[in-house]
Amino acid sequence: MKARVTVTLKNGVLDPQGKAIEGALKSLGVEGIDGVRQGKVFDIELGTADRAQAEAQLKAACEKLLANTVIENYRVEIA
């Protein structure tokens with residue numbers, strides 16, 4: 001089973017890397033950029049066919065390691 005975990009900063013949390021990317025895009029002449037927020041994507045392969053078990057494992061992985069839940073949100077998508 002394959003899954004994708006997307007981790008992003010919560011609204012209101014400053015994103016200096018996103019601001020740097022926004023500035024770089026504008027300096028390269030890319031028009032129409034009003035804001036950039038950066039995040040992380042994890043593509044994970046699981047050794048289970050049980051969707052509920054996979055979701056529980058991924059949620060535990062996010063809570064323990066993949067996301068800092070104080071400042072980040074995460075979304076789990078199972079294929």
Side-chain angles (χ1 to χ4, degrees):
M1 183 175 293
K2 293 184 180 187
R4 174 167 283 174
V5 175
T6 305
V7 179
T8 56
L9 289 169
K10 291 182 177 181
N11 289 335
V13 175
L14 295 178
D15 185 359
Q17 187 174 3
K19 279 290 187 198
I21 293 167
E22 179 184 340
L25 289 169
K26 288 179 180 178
S27 72
L28 291 171
V30 178
E31 309 250 342
I33 303 295
D34 291 332
V36 176
R37 303 277 291 171
Q38 65 86 32
K40 303 176 273 192
V41 174
F42 301 93
D43 290 325
I44 301 173
E45 292 191 33
L46 300 155
T48 182
D50 183 335
R51 192 174 185 85
Q53 182 183 13
E55 192 170 318
Q57 288 175 328
L58 291 166
K59 188 172 182 177
C62 290
E63 297 284 335
K64 292 178 182 178
L65 177 68
L66 300 179
N68 177 348
T69 57
V70 174
I71 62 169
E72 293 175 318
N73 293 315
Y74 64 88
R75 182 177 70 243
V76 174
E77 300 170 65
I78 299 176

(request) Rounded to the nearest 0.5 Å, what's the gap from SG on Cys62 to CG on Asn73? Could you check? (result) 11.0 Å

(request) Calculate, to the nearest 0.5 Å, the distance between atoms NZ and CG belonging to Lys40 and Leu9 respectively. (result) 8.0 Å

(request) Specify the closest pair of heavy atoms between Gln57 and Thr48, including all atoms of both residues, with the distance to one decimal. (result) OE1-CG2, 3.9 Å

(request) Treat each ILVMFWY residue as a node, draw an edge where side-chain heavy atoms are under 4.5 Å apart, and state whether Val70 and Val13 are in one component. (result) yes

(request) Nearest 0.5 Å please: distance from the OG1 atom of Thr69 over to the CG atom of Leu66. (result) 11.5 Å

(request) Considering only NZ, NE, NH1 and NH2 on the basic side and carboxylate oxygens on the acidic side, decide whether Glu55 and Arg51 come within less than 4.0 Å. (result) no

(message) Distance check, rounded to the nearest 0.5 Å: Met1 atom CE versus Asp50 atom CG?
(response) 7.0 Å

(message) Can you give me the closest heavy-atom contact between Arg37 and Leu14, atom names plus distance?
(response) NH1-C, 4.4 Å

(request) Identify the two heavy atoms, one from Ala3 and one from Leu58, that lie closest to each other, and give their separation to 0.1 Å. (result) CB-CD1, 3.4 Å

(message) Check for me, please, whether Val7 and Val36 land in the same ILVMFWY cluster - side-chain distances under 4.5 Å, paths through other members count.
(response) no

(message) Which heavy atom of Glu72 sits nearest to which heavy atom of Lys10, and what is that distance?
(response) O-CE, 3.5 Å

(message) Hydrophobic clustering (ILVMFWY, side-chain heavy atoms < 4.5 Å, transitive) - are Tyr74 and Ile71 grouped together?
(response) no

(request) Please report the closest heavy-atom contact between Ile21 and Gln38, naming both atoms and the distance. (result) CD1-CB, 4.4 Å

